[in-house]
Engineer: 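Got a structure for you, written out below as structure tokens; questions coming shortly.
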Amino acid sequence: MYKDIGCGEVREKDEGKIFRFAGWVHKRRDHGSLIFIDLRDSKGIIQIVFDPSKSVDSHKIALSLRSEWVIEVKGSVKKRIKGAENPNLLTGKIEVIATEIKILNKSKTPPFEVNEDINIDENLRLKYRYLDLRKPKMQKNIKTRHIVTKAIWDFLHEKDFVQIETPILIKSTPEGARDYVVPSRVHQGNFYALPQSPQQMKQVLMVSGFERYFQIARCFRDEDLRADRQPEHTQLDFEMSFVEQDDVLNLVEDLYKYLIRKISPNAEIPEKFPRISFKESMDVYGTDKPDLRFDLKLVDLTDVFSNSDFGVFNKTIDSNGIIKGLVAPGCFSYSRSQISELNQLIVENGGPGVFTLTRTNKKNNDLEVQDIKSAFSKFVNIEKLKESILISKCEEDDLLLICAGSKKIVNQSLSLLRNKIAEDLNLIKTDSFSFAFIVDFPLFEWNLDEEKWDAMHHVFTSPKDEHIKYLDSNPGDIIGQLFDLVCNGVELGSGSIRIHNREIQEKVFNIIGYSSSEVSERFSTILESFEYGAPPHGGMGLGLDRLVAMLVGESSIREVITFPKTQTAFDPLFDTPSLISNQQLTELNLDIHNKE
RNA sequence: GGCCCCGUGGUGUAGUGGUCCAACACGCUGCCCUGUCAAGGCAGAGAUCGGCAGUUCGAAUCUGCUCGGGGUCGCCA
């Protein structure tokens with residue numbers, strides 16, 4: 001070993017001890033005779049003092065040191081002189097008086113400063129990712145990820161889960177996301193695909209009798225990237241046999257409470273994760289991934305505003321639309337430009353625009369038309385206006401925001417406004433993880449473009465037992481045993497109780513419109529396995545990148561992935577993807593046609 | 001594929017038709033300095049302003065195309 005102790009590990013109690021340290025020159029402060037070096041390693045930073053009166057040779061070498069050089073230093077730990085302590089460093093009360101130094105490696109001047117935390121061009125960061133990862137923030141992010149992963153292993157191991165690896169080279173299944181494919185040399189013209197998730201394999205493992213499986217699994221999809229989407233992401237994938245929905249939810253709830261307590265012991269987290277039905281979530285929050293750190297709620301005003309003289313409302317109701325409102329508390333005096341900003345937000349996202357309503361400080365019952373300020377107050381009778389104020393609980397210092405239009409658009413718009421208002425008014429609790437399960441999703445959703453049913457989640461989700469009978473008559477009425485875990489407005493994962501019966505699975509394929517030849521081509525293995533005693537089973541897939549990003553307060557998952565790709569799925573560090581040799585192409589029997 | 005933002009010494013920014021052969025901070029190089037930790041002082045090097053084409057007497061600045069990065073919609077069961 002080159003070192004006896006980590007730079008960040010030394011404390012006052014070590015005074016007088018002689019240690020060897022090794023690490024990188026974080027910062028050099030040269031006072032002529034006296035030279036200070038902040039030495040950094042994976043454990044932190046410590047100040048090394050080079051004093052010519054203590055060691056002439058060491059001081060001479062220290063003169064040549066530059067940022068990011070790798071050095072080994074021997075010296076004695078000493079309490080800093082009074083007034084020279086640095087409260088920003090864990091090692092700030094002590095320092096090391098160097099007696100020996102060895103330069104282990106020099107460094108070119110880095111393309112950006114490792115010891116500073118400023119926004120560098122993403123391309124440059126990724127090209128020099130090895131330097132970027134040296135930054136203390138990135139070190140912390142990646143280590144947090146390790147701690148989370150370790151905690152998952154510990155927790156699930158204690159609960160009798162078995163970690164099982166599944167293949168990366170699997171069969172391509174064209175539904176869902178676009179597959180990454182790998183050509184086969186042995187079977188020319190044939191391709192493997194990289195898994196979008198280990199879904200079918202883990203279900204087969206349940207048929208195999210493992211009962212409790214988990215895997216920290218890499219998942220691939222060839223789709224466009226986002227701040228929270230990379231071509232490959234990691235999910236905690238688990239599956240359990242002989243369980244009902246609540247068994248799965250309770251396990252995940254315990255696991256996530258355990259993880260949060262490990263990483264942020266002081267964070268606020270619900271003792272019991274609320275279970276909110278999909279319908280309620282859409283009605284009350286306008287979205288299936290509500291941010292529950294604040295409790296603004298939408299109110300339905302469709303009935304209240306029916307049969308008015310206001311054209312917009314009537315047209316909306318005639319075309320099966322809805323009218324909903326959201327109270328922005330204390331925003332009575334919002335200026336024209338503030339309201340226009342809200343309006344713009346909605347319009348930019350394809351929404352209809354927003355109506356506002358405010359009222360005077362008279363008692364609700366005494367309100368008259370002139371007490372209510374709104375674009376439509378003259379067209380809606382006073383009783384209905386009062387009722388809308390009563391239902392929405394719009395007080396004198398509040399601002400009622402109203403949207404009218406199709407159900408989808410209104411919910412989407414008000415959900416955006418809900419988040420925006422909360423942010424503007426500082427209603428979002430910090431250091432809080434407001435987890436919830438969204439449950440009772442419909443099993444199918446109608447695909448307007450193709451005029452057919454699509455699976456809401458995936459094709460293996462089981463209907464609620466009492467809804468199985470609708471498979472033949474009303475697929476749209478079926479509620480699935482299907483659930484999402486959401487936290488602070490982010491979907492962290494979803495899961496379901498699966499179908500374990502061949503007939504039901506075939507009916508679902510049928511509703512989605514797969515022909516029997518398609519079904520046997522893609523799903524014959526899992527269907528056949530179901531005929532050999534498949535146990536009832538269910539599980540989840542939970543995004544690890546998003547979870548860790550949330551835990552360390554990052555908005556992009558690139559900050560918690562060691563070697564991520566750019567928005568064009570390119571890796572500037574290793575220059576990937578790249579051409580392959582003609583020999584490789586020949587072996588694979590592939591020709592590249594140059595696109596014009 | 002659509003829309004939006006960004007691209008100026010090594011890094012981050014300012015400059016948005018002539019006052020700019022480009023400014024500031026950090027970094028870098030050299031010198032001075034024994035208590036700094038965003039060290040300080042002095043001196044210096046370093047950029048044809050992402051690329052190409054155009055408009056103009058004149059372009060970092062305006063226009064078109066293009067490349068790269070980011071965000072977002074589509075897409076992502």
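Chain letters run A, B, ... following the sequence lines, proteins first and then strands; every chain starts at 1. All values below come from the heavy atoms of this structure, side chains included, with hydrogens, waters and symmetry mates left out.
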Engineer: Closest approach to the side chain of A/His31, judged atom by atom: which nucleotide of B/A39, B/G74, B/G12 is it?
Structural biologist: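 Side chain of A/His31 sits closest to B/A39.
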Engineer: Check every strand shown and say whether A/Arg558 touches a base, only sugar-phosphate, or nothing at a heavy-atom separation below 4.0 Å.
Structural biologist: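 Sugar-phosphate only.
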Engineer: Return each pair, listed once, that meets salt bridge (Lys or Arg N to Asp or Glu O under 4.0 Å) where at least one residue sits in residues 553-568 of chain A; pairs must be two or more places apart or across chains.
Structural biologist: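 Pairs touching residues 553-568 of chain A that pass the test: A/Glu122-A/Arg558, A/Arg125-A/Glu559, A/Lys137-A/Glu554, A/Lys137-A/Glu559, A/Glu232-A/Lys565.
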Engineer: What does B/C26 pair with, Watson-Crick or G-U, if both distances are under 3.5 Å?
Structural biologist: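 Matched B/C26 with B/G10 under the 3.5 Å cut-off.
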Engineer: Which is true for A/Leu124 with a 4.0 Å heavy-atom rule: it touches a base, it touches only sugar-phosphate, or it touches nothing?
Structural biologist: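 A/Leu124: backbone/sugar contact only, no base atoms under 4.0 Å.
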Engineer: Map A/Ala84 and A/Glu116 onto RNA chain B by nearest heavy atom, then report which one ends up closer to the 5' terminus.
Structural biologist: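 Taking each residue's closest nucleotide, the earlier one in sequence belongs to A/Glu116.
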Engineer: Taking atom P in both B/C65 and B/C4, what distance in whole Å separates the two?
Structural biologist: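 Pairwise P distance, B/C65 against B/C4, rounds to 12 Å.
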Engineer: What nucleotide, of B/C28, B/G30, B/G71, holds the atom closest to the side chain of A/Arg66?
Structural biologist: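 Selected nucleotide (nearest to the side chain): B/G30.
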Engineer: Any strand counts, and the cut-off is 3.5 Å on both contacts for Watson-Crick or G-U wobble. Which nucleotide pairs with B/C37?
Structural biologist: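 Base-paired to nothing in any strand shown.
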Engineer: What is the base-pairing partner of B/U61, counting Watson-Crick and G-U wobble geometry with both distances under 3.5 Å?
Structural biologist: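 Base-paired to nothing in any strand shown.
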Engineer: If you measure only the distance, is there a donor-acceptor pair under 3.5 Å linking the side chains of A/Thr166 and A/Gln215?
Structural biologist: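 Yes, side-chain donor-acceptor contact under 3.5 Å.
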Engineer: Using a heavy-atom cut-off of 4.0 Å across all strands, would you classify A/Asp121 as base, sugar-phosphate, or nothing?
Structural biologist: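 Sugar-phosphate only.
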Engineer: At less than 3.5 Å, do the side-chain atoms of A/Arg28 and the base atoms of B/C37 form a donor-acceptor pair?
Structural biologist: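 Looking at the base of B/C37, it does not pair with any donor or acceptor on the side chain of A/Arg28 (distance under 3.5 Å).
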Engineer: Side chain of A/Glu122, heavy atoms from C-beta onward: which of B/G71, B/U11, B/G69 has the nearest atom to it?
Structural biologist: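 Nearest nucleotide to the side chain: B/G69.
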Engineer: Is the centre of the A/Trp24 ring less than 6.0 Å from the centre of the A/Trp69 ring?
Structural biologist: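 So the answer is no for these two rings.
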Engineer: Indicate, with a heavy-atom threshold strictly under 4.0 Å, whether A/Gly176 touches base, sugar-phosphate, or nothing.
Structural biologist: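 Sugar-phosphate: the residue A/Gly176, judged by heavy atoms under 4.0 Å, touches backbone atoms but no base.
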Engineer: In whole Å, measure the gap between the P atoms of B/A60 and B/G9 for me.
Structural biologist: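 To the nearest whole Å, 14 Å.
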Engineer: Please check if any side-chain donor atom of A/Arg29 sits under 3.5 Å from a side-chain acceptor atom of A/Gln47, or the reverse.
Structural biologist: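 A donor-acceptor contact under 3.5 Å links the two side chains.
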Engineer: Classify the nucleic acid contact of A/Glu85 as base, sugar-phosphate or nothing, counting any heavy atom under 4.0 Å across all strands shown.
Structural biologist: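 Base, at least one base heavy atom under 4.0 Å.
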Engineer: Using a 4.0 Å heavy-atom cut-off, does A/Asn119 contact any base of the nucleic acid, only the sugar-phosphate backbone, or nothing at all?
Structural biologist: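 Sugar-phosphate, no base atom in range.
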Engineer: Using atom P in both nucleotides, what's the gap between B/C73 and B/G27 to the nearest angstrom?
Structural biologist: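 Taking atom P in both B/C73 and B/G27, they lie 40 Å apart.
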Engineer: With a cut-off of less than 4.0 Å, is there a side-chain N or O of A/Gln47 near OP1 or OP2 of B/U36?
Structural biologist: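 False: A/Gln47 side-chain N/O out of range (4.0 Å or more) of B/U36 OP1/OP2.
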Engineer: Do A/Thr287 and A/Arg418 meet the criterion of a side-chain donor-acceptor pair at a distance under 3.5 Å?
Structural biologist: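 Looking only at side-chain atoms, A/Arg418 and A/Thr287 do not form any donor-acceptor pair under 3.5 Å.
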Engineer: Name the closest nucleotide to the A/Ala227 side chain, picking from B/U72, B/G69, B/U34.
Structural biologist: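 So the nucleotide nearest the side chain must be B/U72.
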Engineer: Pairing check on B/C3: which nucleotide meets the Watson-Crick or G-U wobble criteria with it, both distances under 3.5 Å?
Structural biologist: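 The answer is B/G71, by the H-bond criterion.
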Engineer: Taking only the C1' atom of each, what is the distance from B/A53 to B/G15 in whole angstrom?
Structural biologist: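 Comparing C1' positions in B/A53 and B/G15 gives a spacing of 25 Å.
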Engineer: Does B/A39 have OP1 or OP2 under 4.0 Å away from a side-chain N or O of A/Lys27?
Structural biologist: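 Indeed, a polar side-chain atom of A/Lys27 lies that close.
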Engineer: Scan A/Thr461 against the nucleic acid and name what it touches under 4.0 Å (heavy atoms): base, sugar-phosphate only, or nothing.
Structural biologist: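 Contact class for A/Thr461: none.
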Engineer: Please state the P separation for the pair B/C67 and B/G12 - nearest whole angstrom.
Structural biologist: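 B/C67 and B/G12 have their P atoms separated by 23 Å.
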Engineer: Is the count of non-hydrogen atoms from other residues, nucleotides or ligands lying under 6.0 Å from A/Lys3 atom NZ greater than 12?
Structural biologist: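 Buried by this count: over 12 neighbours within 6.0 Å.
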Engineer: Measuring only the C1' atom in each nucleotide, how far is B/U66 from B/G7? A whole number of Å is fine.
Structural biologist: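 B/U66 and B/G7 have their C1' atoms separated by 14 Å.
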Engineer: Nearest to the side chain of A/Asn86, heavy atoms from C-beta on, is which of B/C26, B/C37, B/C75?
Structural biologist: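 The answer is B/C37.
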Engineer: With no hydrogens and no angle check, do the side chains of A/Arg498 and A/His458 hold a donor and an acceptor under 3.5 Å apart?
Structural biologist: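 On atom types as modelled, these side chains qualify, holding a pair under 3.5 Å.
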Engineer: What distance separates A/His537 NE2 from A/Tyr213 OH, expressed to the nearest 0.5 Å?
Structural biologist: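 A/His537 NE2 to A/Tyr213 OH: 12.0 Å, rounded to 0.5 Å.
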Engineer: With P as the reference atom in both, quote the distance from B/C24 to B/G41 in angstrom, rounded to an integer.
Structural biologist: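 Result for the P pair: 15 Å, nearest Å.
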Engineer: Below 4.0 angstrom from OP1 or OP2 of B/G70, is there any side-chain N or O of A/Arg229?
Structural biologist: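 No, outside the criterion.
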Engineer: Of the candidate nucleotides B/U34, B/C26, B/U11, which contains the atom at the shortest distance from the side chain of A/Leu34?
Structural biologist: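 Output: B/U34.
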Engineer: Using atom P of each nucleotide, how far apart are B/U63 and B/C31 to the nearest Å?
Structural biologist: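 It comes out at 49 Å once rounded to the nearest Å.
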Engineer: Looking only at side-chain atoms of A/Pro111, point me to the closest of B/G12, B/A38, B/G10.
Structural biologist: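 Of all the options, the side chain of A/Pro111 is nearest to B/G10.
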Engineer: So which nucleotide from B/G10, B/G30, B/G71 ends up closest to the side chain of A/Glu113?
Structural biologist: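 Nearest to the side-chain atoms of A/Glu113, counting from C-beta on, is B/G10.
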Engineer: Respond yes when some side-chain nitrogen or oxygen of A/Lys127 is under 4.0 Å from OP1 or OP2 of B/G69, and no when none is.
Structural biologist: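 False: A/Lys127 side-chain N/O out of range (4.0 Å or more) of B/G69 OP1/OP2.
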Engineer: Would you indicate which nucleotide in B/G69, B/G27, B/G71 comes nearest to any side-chain atom of A/Thr566?
Structural biologist: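 So the nucleotide nearest the side chain must be B/G69.
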Engineer: Given B/U72, B/U11, B/G27, which nucleotide is nearest the side-chain atoms of A/Arg226?
Structural biologist: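 Per side-chain heavy atoms of A/Arg226, the pick is B/U72.
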Engineer: Where each residue is assigned the nucleotide of RNA chain B containing its nearest heavy atom, which of A/Ser556 and A/Gly83 is assigned the position nearer the 5′ end?
Structural biologist: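 The answer here is A/Gly83.
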Engineer: Please work out if A/Glu95 contacts a base, only the sugar-phosphate, or nothing of the nucleic acid, heavy-atom cut-off 4.0 Å.
Structural biologist: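 Touches a base.
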